[in-house]
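Residue numbers start from 1 in every chain, and the chains themselves are labelled A, B, ... in the order their sequence lines are given, proteins ahead of strands. Because only heavy atoms are used, hydrogens play no part in the values below, and waters and symmetry mates are left out as well, while side chains stay in.
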Amino acid sequence: DTGVSQNPRHKITKRGQNVTFRCDPISEHNRLYWYRQTLGQGPEFLTYFQNEAQLEKSRLLSDRFSAERPKGSFSTLEIQRTEQGDSAVYLCASSLARGQGGSPLHFGNGTRLTVT
Amino acid sequence: DAKTTQPPSMDCAEGRAANLPCNHSTISGNEYVYWYRQIHSQGPQYIIHGLKNNETNEMASLIITEDRKSSTLILPHATLRDTAVYYCIAFMDSNYQLIWGAGTKLIIKP
C-alpha cells in the first residue's frame, strides 16, 4: 500500500503526558499537512509543510503542539502536557504541489488520541 | 477559500444514481471544487475535483454549472459501501488549508 501511513492508530494517555505521532506521506509528495478532527465535525487545519519547511501553523494551535518534517520525508507531531481537550483524531495528508491544476490531498486513517 | 453549502443528509436506493448537490456561490476564478468522502473510522478519501469542465473518473462524475456557483457529485450506481459523509470544498493550490463544512451524510438503502 503506497498511501499515507500513520502510527499509532490509537493512543491512550494520561493528562499531562507527552505523546508523539508519526506520518509517512506518499513518497513523491512534497507537501504534508496535519489536521485534527473531533466527533461530528469536519477536519480542522493544524499545520503545513512544503518539503522540510513548516510554512504555516494554525492560530488555534497552542505552543504545546510541535511538528517536524526532517529531510522532507516523514513527519512527527508532538503534544506536550496533554489535556482532555486534545482528545481527537489527528489526520495527516500529503499532496504533490504543481504549478497548474488541482493537487488533491491524500489522507491517512489518522491517530485517535484519548486523554484520560 | 469560498464557503460551501450542502444538505445535511440524503437517502438513495442501492443501484440508483446518487446526486449530491453543493452550493459555492462565492467561489473565485482559480478555486477548484473538490469532493471527499469519509467512512466511519477512516480518513477522508479523495473522490474528484474540477475547475470549470465536467469531470468523470472511476468513482464518480462532477457536474459544475456554467457560472460555477454550484456543482453536483454523481455516484452512478450507488452501493451500500457508498454510505458515508460527503464533503464539497472550494480550494486553490496556493492555499494551504482545506476548509471543511459539515458535509452531507449519504445513506444508501437496500
Decide if atom [atom1] of [X] counts as having more than 12 heavy atoms of other residues, nucleotides or ligands within a radius under 6.0 Å.
X       : atom1 : value
A/Arg9  : CZ    : yes
A/Lys57 : NZ    : yes
A/Arg64 : CZ    : yes
A/Leu39 : CG    : no
A/Ile12 : CD1   : no
A/Glu68 : CD    : no

How long is the straight-line distance from CD of B/Gln45 back to CG of A/Asn109, given to the nearest 0.5 Å?
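Nearest 0.5 Å value for the CG-CD distance: 10.0 Å.
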Do you know which of B/Gly43, B/Gly50, B/Ala102 has the most heavy-atom pairs with chain A at a distance under 4.5 angstrom?
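With the most close heavy-atom pairs to chain A, the winner is B/Gly43.
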Are the side chain of B/Tyr46 and the backbone N or O of A/Phe107 linked by a donor-acceptor pair below 3.5 Å?
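Checking the backbone N and O of A/Phe107 against the side chain of B/Tyr46, no donor-acceptor pair under 3.5 Å is found.
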Quick one: does B/Tyr36's side chain have a donor or acceptor within less than 3.5 Å of a partner on A/Leu105's backbone?
yes
A/Gln41 versus chain B, heavy atoms under 4.5 Å apart: side chain, backbone, both or neither?
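The answer is the backbone of A/Gln41.
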Part of A/Gln6 lying under 4.5 Å from any heavy atom of chain B:
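Neither part.
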Which answer fits B/Gln38, side chain, backbone, both or neither, if we ask what part of it has an atom under 4.5 Å from a heavy atom of chain A?
side chain
Largest heavy-atom contact set with chain B, pairs under 4.5 Å, which of A/Ala93, A/Pro43, A/Cys92, A/Gly108
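The option with the most such pairs is A/Pro43.
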